[in-house]
Amino acid sequence: MFTKRPDKEPAPLEPTKVMGMPTPQAAPVHAPARPSPLARADKSMPSVIGADLTIMGNLISKGEVQVDGEVQGDLHCSHVVVGERARITGGIIADDVVVRGQVMGSIRGLRVTLQSSSHVEGDIYHQSLAIEQGAYFEGKSRRAEDPTAGMKPGQPASAAPGDAPTT
């Protein structure tokens with residue numbers, strides 16, 4: 001389980017000569033440096049809502065979000081993937097939206113894709129929309145130059161851009 005490290009480093013090997021030529025000495029092997037957690041956050045690692053997780057409230061992220069569980073609230077992020085067994089009751093605002101699961105609410109995205117296993121009940125505001133054969137979609141689709149423009153985090157996704165939040 002544990003091994004004791006020697007108190008002293010082993011002495012370096014002396015170069016030997018083979019046929020009058022010195023043999024190359026092996027360079028010391030170092031373990032690769034592990035990236036810090038902050039460095040990993042800069043890369044596009046998605047935030048994952050696991051299948052066993054239910055979130056009640058709005059989610060706001062600057063990066064990618066993968067939902068495999070349940071969200072009861074709005075999602076506002078740059079890229080979202082709704083997994084096959086995922087369920088979202090609320091609106092989605094993102095540049096890229098890929099739906100494989102269930103969404104009960106409006107979707108606002110530049111690029112929206114409803115895959116064959118998706119079930120969407122709500123309006124879709126989009127720049128481009130792709131619906132695979134077998135996808136279920138009940139609602140209106142509206143093309144807009146920038147469907148996410150003017151949408152502030154925390155503002156309901158069902159509100160039109162520029163609408164004042166209701167109290």
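Residue numbers count from 1 along this sequence.
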Within one Ile-Leu-Val-Met-Phe-Trp-Tyr cluster: [X] and [Y], side-chain cutoff 4.5 Å:
{"X": "Leu59", "Y": "Val98", "value": "no"}
{"X": "Ile92", "Y": "Ile131", "value": "yes"}
{"X": "Ile88", "Y": "Val81", "value": "no"}
{"X": "Ile107", "Y": "Ile55", "value": "yes"}
{"X": "Phe137", "Y": "Val97", "value": "yes"}

Using a 3.5 Å distance criterion without hydrogens, assess whether the side chain of [X] forms a donor-acceptor pair with backbone atoms of [Y].
{"X": "Asp123", "Y": "Lys140", "result": "yes"}
{"X": "Ser117", "Y": "Arg100", "result": "yes"}
{"X": "Ser78", "Y": "Gly63", "result": "yes"}

### Query
Which residue, Val82, Leu114, Val112, forms the side chain to side chain contact (heavy atoms under 4.5 Å, CB included) with Val120?
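Looking at Val82, Leu114, Val112, the match for Val120 under the side chain to side chain contact (heavy atoms under 4.5 Å, CB included) is Leu114.
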### Query
How would you list all residue pairs meeting ring-ring contact (aromatic ring centres under 6.0 Å, His included) that involve residues 99-119, not counting sequence neighbours?
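The answer is His119-Tyr136.
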### Message
Checking Glu145 now: which residues fulfil side chain to side chain donor-acceptor pair (under 3.5 Å) with it, not counting sequence neighbours?
### Response
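Glu145: side chain to side chain donor-acceptor pair (under 3.5 Å) contacts with Arg143.
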#### Entry: Gln127: side chain to side chain donor-acceptor pair (under 3.5 Å) partners, not counting sequence neighbours
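Result, side chain to side chain donor-acceptor pair (under 3.5 Å) vs Gln127: none returned.
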Do [X] and [Y] have side chains that get closer than 4.5 Å, going by heavy atoms?
{"X": "Val67", "Y": "Leu75", "result": "yes"}
{"X": "Val48", "Y": "Asp68", "result": "yes"}
{"X": "His126", "Y": "Ser141", "result": "yes"}

Straight-line distance of [X] [atom1] to [Y] [atom2], nearest 0.5 Å:
{"X": "Gln115", "Y": "Gln133", "atom1": "CD", "atom2": "CD", "answer": "14.0 Å"}
{"X": "Thr113", "Y": "Asp96", "atom1": "OG1", "atom2": "CG", "answer": "8.0 Å"}
{"X": "His79", "Y": "Gln66", "atom1": "NE2", "atom2": "CD", "answer": "9.0 Å"}
{"X": "Arg111", "Y": "Leu129", "atom1": "CZ", "atom2": "CG", "answer": "13.0 Å"}
{"X": "Arg87", "Y": "Gln72", "atom1": "CZ", "atom2": "CD", "answer": "8.0 Å"}

List for me each residue that meets salt bridge (Lys or Arg N to Asp or Glu O under 4.0 Å) alongside [X], sequence neighbours excluded, and say none if there are none.
{"X": "Asp95", "value": "none"}
{"X": "Arg85", "value": "none"}
{"X": "Arg142", "value": "none"}

#### Entry: Shortest non-hydrogen contact from Ala94 toward Val80
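That would be CB-CG1, 4.2 Å.
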